[in-house]
Number of protein chains: 2
Amino acid sequence: MELEAAKLKYIQTWGSLATSWGINKTMAQVHALLLVSIEPLSAEDIMDTLKISRGNVNMNVRALIDWGIVRKEFVVGERKEFFVADKDIWELFKQVTKERKKREIEPVIKVLEELQNDVKEESEEAEQFKKLMQDLSSVTSTVNSILDKAIKADEHWLLSSFTKMIKK
Amino acid sequence: MELEAAKLKYIQTWGSLATSWGINKTMAQVHALLLVSIEPLSAEDIMDTLKISRGNVNMNVRALIDWGIVRKEFVVGERKEFFVADKDIWELFKQVTKERKKREIEPVIKVLEELQNDVKEESEEAEQFKKLMQDLSSVTSTVNSILDKAIKADEHWLLSSFTKMIKK
DNA sequence: TTTAATTTTCAATAATTTTTGAAAGTTTAG
DNA sequence: CTAAACTTTCAAAAATTATTGAAAATTAAA
């Protein structure tokens, strides 16, 4: 397979994985494109390769910068902005995990804990509900703390430490 | 807070978490409703509580059954079908993880490996691309194998505090 | 300054996903 | 068997989400 064809296939594949995990397809594709590019790319380069509008590129590049996985880079003699994605994939995984944890998982844990505390009733049914909230927040917190460790750890922590946990 | 209000709030919260992880909101809400219900619920019960159509209930309940996290149950003297969600949350986590792994992560690993092998070119650029595919598939595989272990692990390894609710 | 290049914004539009509801299909009681 | 109860299907409508493109804002060169 040609290198360029392979790059495009990777961009497509990554885009569709993103879609099923609730991440904007274009955003994933822009990121994938920057990853496989040797040179920094301008907004126009991205528009041309992915066949998308200027506005779309701008919005998604900014989102990627917000997420901390893409950065601007200046090219000597060029006025316009260029973008690069760092190619350390483990770092990328950590960044994305960190953001999603903070934005999505942590608020849910908070609500589950509140619900547990706010129900004052003491019927059998209420106790069951509180128990369910507790179990849910337990599992959610455990997942959260595994992710926490992953974020802080060195490259191969995740696998080995997890194995230890299982074996106890 | 009233128990019923708390249940509804939980259903909402869970629905919005689902949305940001690429899972249909109604599907998550139906599941949440079944989780907080003491009795098995009929399609009509679900329609009434969530204010959604019969067709919608049918589709989403079937999807939940497909995912292996909801099952039909018969109620004596009743002709229609009733549904229940098992309340073992760890089991739920395992089931969902298993499905997503199989449907979404594994096919991506396969593509990444193919891309690595299919590019025959040996330029510096091609080598960098292959290296990237390798890194991506190694991170993806690591995540995948962690999930694998979680799925296979004994029910209680994660949380010693886990107590069972109604075990059928 | 002024002007041209470039980036950002956002209302309008397009694409996608979800939901509805009524008709068709199935099952069971009598 | 037939009829009523119930479930499933799926085309059309609604809701949601993503994208465009042109105008406004910003930046930097002249």
Side-chain angles (χ1 to χ4, degrees), chain A residues 11-12 14-34 39-67 70-84 100 103-104, chain B residues 11-12 14-34 39-67 70-84 100 103-104:
Chain A
I11 291 169
Q12 286 307 119
W14 213 240
S16 62
L17 180 65
T19 302
S20 66
W21 286 84
I23 294 165
N24 180 301
K25 189 182 87 183
T26 304
M27 184 167 149
Q29 291 187 332
V30 170
H31 182 253
L33 172 60
L34 291 172
E39 301 289 314
L41 301 183
S42 68
E44 294 220 330
D45 295 333
I46 299 171
M47 286 168 64
D48 294 348
T49 310
L50 301 181
K51 308 276 187 288
I52 60 180
S53 72
R54 183 176 297 284
N56 201 5
V57 168
N58 187 270
M59 282 194 153
N60 283 294
V61 164
R62 286 175 79 260
L64 288 166
I65 291 173
D66 267 6
W67 277 59
V70 160
R71 59 193 164 74
K72 289 184 184 178
E73 186 154 290
F74 294 96
V75 170
V76 285
E78 287 277 11
R79 181 159 157 190
K80 58 189 166 191
E81 297 176 327
F82 288 79
F83 306 98
V84 293
R100 298 205 79 167
R103 296 182 196 193
E104 295 154 9
Chain B
I11 291 168
Q12 286 308 119
W14 213 240
S16 63
L17 180 65
T19 301
S20 66
W21 285 84
I23 294 166
N24 179 301
K25 189 182 88 183
T26 303
M27 184 168 150
Q29 291 186 331
V30 170
H31 183 253
L33 172 59
L34 291 173
E39 302 289 316
L41 300 182
S42 69
E44 294 220 329
D45 295 333
I46 298 171
M47 286 167 64
D48 294 349
T49 311
L50 300 181
K51 307 274 186 289
I52 59 179
S53 73
R54 184 175 296 283
N56 200 6
V57 168
N58 187 271
M59 283 193 151
N60 283 295
V61 164
R62 286 174 80 257
L64 288 165
I65 291 173
D66 266 7
W67 278 57
V70 159
R71 58 193 166 73
K72 290 185 184 176
E73 186 153 290
F74 295 96
V75 170
V76 285
E78 288 274 13
R79 183 159 155 189
K80 60 188 164 192
E81 297 176 326
F82 289 78
F83 306 97
V84 292
R100 299 205 79 168
R103 297 182 195 196
E104 295 152 9

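Order of the sequence lines fixes the chain letters, A, B, ..., with proteins taken first and strands second; residue numbering starts at 1 for each chain.
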Taken in chain and number order and not counting sequence neighbours, the residues that satisfy salt bridge (Lys or Arg N to Asp or Glu O under 4.0 Å) with A/Arg71 are A/Glu73, A/Asp86

Which of C/dT19, C/dT8, D/dT20 is nearest the side chain of A/Arg54? It is C/dT8

Residues pairing under side-chain hydrogen bond (donor to acceptor under 3.5 Å, both in side chains) where one sits in residues 57-67 of chain B, two or more places apart or in two chains, turn out to be B/Asn56-B/Asn60

The side-chain contact (heavy atoms from CB on, under 4.5 Å) partners of A/Glu78 (sequence neighbours excluded) come to A/Val75, A/Lys80, A/Phe82

From the candidates D/dT8, D/dT19, C/dT8, the one with an atom nearest any side-chain atom of B/Glu81 is D/dT8

Per atom distances to the B/Asn58 side chain, the nearest of C/dT8, D/dT19, D/dT8 is D/dT8

A/Asn60 CG to C/dT9 P, in whole Å, measures 14 Å

Salt bridge (charged side-chain N to carboxylate O under 4.0 Å, His left out) pairs touching residues 21-30 of chain A, sequence neighbours excluded, are none

Here the pair of heavy atoms bringing B/Leu50 nearest to B/Ile11 is CD2-CG2, 4.0 Å

Separation of D/dA29 atom P from A/Lys80 atom NZ, nearest Å, is 15 Å

Result for 5'-nearest mapping on DNA chain D, choosing between B/Gly55 and A/Ile52, is B/Gly55

Residues of residues 43-51 of chain B with a heavy atom under 4.0 Å from any atom of DNA chain C, listed by number, are B/Lys51

Atom CZ of A/Arg62 and atom P of C/dT7 are separated, to the nearest Å, by 12 Å

Residue set satisfying side-chain hydrogen bond (donor to acceptor under 3.5 Å, both in side chains) with A/Arg103, at least two apart, ordered chain then number -> A/Glu99

Distances for protein N/O vs nucleotides 27-30 of chain C N/O pairs under 3.5 angstrom?
residue: C/dT27; atom: O2; partner: B/Arg79; partner atom: NH2; Å: 2.8

Sequence neighbours excluded, the answer for side-chain contact (heavy atoms from CB on, under 4.5 Å) partners of B/Ala18 is B/Ile23, B/Ala28

Scanning both residues in full, the closest heavy-atom pair of B/Val57 with B/Met47 reads CG2-CG, 3.6 Å

B/Glu78 atom CD is separated from D/dT7 atom P, nearest whole Å, by 10 Å

Here the residues of residues 20-29 of chain A within 4.0 Å heavy-atom distance, strictly under, of DNA chain D are A/Asn24, A/Thr26

When rounded to whole Å, the CZ to C1' distance for the pair A/Phe83 and C/dT8 reads 11 Å

Sorted by chain and number, sequence neighbours left out, side-chain contact (heavy atoms from CB on, under 4.5 Å) with B/Glu104 holds for A/Leu17, A/Ser20, A/Trp21, B/Arg100

Rounded to whole Å, CE of B/Met59 lies from P of D/dT8 at a distance of 11 Å

Listed pairs, N/O of protein and of nucleotides 13-15 of chain C, under 3.5 Å:
none

Quick note, salt bridge (charged side-chain N to carboxylate O under 4.0 Å, His left out) partners involving residues 44-59 of chain A, not counting sequence neighbours, are A/Glu44-A/Arg54

